[in-house]
Protein chains: 2
Amino acid sequence: MPSSKSDRPMPPDARQALEQAALLCQQRGARLTELRRRVLEIIWNSPAPLGAYAILDILRDEGRPGAPPTVYRALDFLLEQGLIHRLASLNVFTGCRQPGSHHGGQFLICQECGLVDELSNPRLEELLQNEAAIRQFEVLAQTVEMLGRCPACRNGVARHAG
Amino acid sequence: MPSSKSDRPMPPDARQALEQAALLCQQRGARLTELRRRVLEIIWNSPAPLGAYAILDILRDEGRPGAPPTVYRALDFLLEQGLIHRLASLNVFTGCRQPGSHHGGQFLICQECGLVDELSNPRLEELLQNEAAIRQFEVLAQTVEMLGRCPACRNGVARHAG
DNA sequence: GTGAAATTGTTATTTTATAACATAACCAGA
DNA sequence: TCTGGTTATGTTATAAAATAACAATTTCAC
Ligand SMILES: [Zn+2]
Ligand SMILES: [Zn+2]
Ligand SMILES: [Zn+2]
Ligand SMILES: [Zn+2]
């Protein structure tokens, strides 16, 4: 058996996310192939959100054949399944903390260490929808991102690199 | 005197925005040069938000020398002065409707015609700040964008092209 | 098995953004 | 009005992000 890609143990939330992803895809009849699963795993194993080309580099380091479309197609699948989010302000991708229900997501993103916190405030969602409804605007996609500094970085802790 | 770039009359809100921009820059000691002013004018005259290269094409059509840095530097200046916003979800730029007070902005963006509506809901702002404060997160920049269909496009009016 | 559909491989190109350095304009003080 | 520092623009080259187009492979129902 080929050894796992890294000898670091996988973070518990990453393992859980992968299990839930497999379950959701099974329920939906969507195919979480080896490549797609590996891309999701890479995203979850990273402390900071990754760009498409950073993911590509990791795949290549593993000896896989790889070109940009390889990664972008996997990302498209994961986005469609609501398993990851794209952070438009940074052109990076992060695992969804509430998969299963497709949603736009609301994010706090630390510019120093890359920490991502996904909110899900119903009042915020409601307020946004209401602003749109007042104007008879039909919302199809939503981007809510706040960039700044996380508590650890404000205190100079600097745990993981961005 | 060289005739103005286009014989179309400038929309009233565009003219007003340019006057206010000149005033604000004067007050701040910032130099709204001819190039910067022209880029702002191009942005305001466009019915749909423009990307950097679309602006570059217009400048070149006018016979100006131009390369990407020309446009990006002008855009950086206008962003710093809070005269325009960058719409991260589309990589385009739009004029700010409330310049003078630097802010992140909250936008409704029509995917069909490019119409941009800039909100300024204090409760929304407050709610976002509160979510961050609860987590001791320091917000430095904010992106709130809702993509979808404007009332006109929902009714099949289709006034201006994106 | 066979064939259609889906997935992945591969090459090339487009689009978006920045680095690095040269030239020109501006402006404050001598 | 020189002069020299600062700011702004011109110019060339390159980096970074995303997609187009087509070939090869895999999957799966029949
Ligand atoms: Zn999510
Ligand atoms: Zn941090
Ligand atoms: Zn604004
Ligand atoms: Zn519209």
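Convention: sequence-line order gives letters A, B, ...; per-chain numbering from 1.
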For A:Arg60, which contact category applies under a 4.0 Å heavy-atom criterion: base, sugar-phosphate, or nothing?
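Nothing, no nucleic acid heavy atom in range.
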
NA contact type, B:Pro68, heavy-atom cut-off 4.0 Å: base, sugar-phosphate, or nothing?
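Touches a base.
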
Length of the line joining [X]:[atom1] and [N]:[atom2], which is rounded to integer Å:
X	N	atom1	atom2	value
B:Ile55	D:dT9	CD1	P	15 Å
A:Leu90	C:dA17	CG	C1'	15 Å
B:Leu50	C:dT15	CG	C1'	15 Å
B:Asn91	C:dT16	CG	P	7 Å
B:Leu35	C:dA24	CG	C1'	14 Å
A:Leu56	C:dT8	CG	P	15 Å
A:Glu34	D:dT27	CD	P	11 Å

Distance-minimising heavy-atom pair for [X] and [Y]:
X	Y	result
B:Ala21	B:Leu40	CB-CD2, 3.5 Å
B:Leu18	B:Met10	CD1-SD, 3.6 Å
A:Cys153	A:Cys110	SG-SG, 3.7 Å

Let's go through A:Glu118 and A:Cys96 carefully: what are the C-alpha distance in whole Å and the side-chain angles of both, what is the deciding distance for side-chain contact (heavy atoms from CB on, under 4.5 Å) to 0.1 Å, and is it a yes or a no?
CA-CA 8 Å; A:Glu118 179 171 358; A:Cys96 175; 4.0 Å; yes

Where each residue is assigned the nucleotide of DNA chain C containing its nearest heavy atom, which of A:Gly66 and A:Arg31 is assigned the position nearer the 5′ end?
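Nearest-nucleotide comparison on DNA chain C picks A:Arg31.
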
Want to settle it: does B:Phe93 or A:Ala30 sit nearer the 5' end of DNA chain C, counting the closest nucleotide to each?
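So the residue in question is A:Ala30.
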
Position toward the 5' end of DNA chain D (nearest nucleotide), B:Pro65 or B:Arg36
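Looking at DNA chain D, the more 5' nearest nucleotide goes with B:Arg36.
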
Is B:Thr33 near enough to D:dT9 that one of its side-chain N or O atoms lies under 4.0 angstrom from OP1 or OP2?
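Yes, such a contact exists.
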
Distance-only donor-acceptor pairs under 3.5 Å for side chains of residues 52-60 of chain B, two or more places apart:
unit_1	atom_1	unit_2	atom_2	d
B:Arg60	NE	B:Gly66	O	3.2
B:Arg60	NH2	B:Gly66	O	2.9

Are the ring of B:Tyr53 and the base ring of C:dT15 both nearer than 5.5 Å at their centres and tilted by less than 30°?
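No; centroid distance or tilt outside limits.
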
Counting distance only, does the side-chain N/O of B:Arg36 pair as donor-acceptor with the main-chain N or O of B:Phe77 below 3.5 Å?
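No; judged by distance alone, with no hydrogens or angles, the pair does not exist.
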
is_close_aromatic(B:Phe93, B:His85), centroid dist under 6.0 Å:
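No, ring centres 6.0 Å or more apart.
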
Sorted by number, the residues of residues 70-81 of chain A with heavy-atom contact under 4.0 Å to DNA chain D
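Under 4.0 Å from DNA chain D: A:Tyr72, A:Arg73.
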
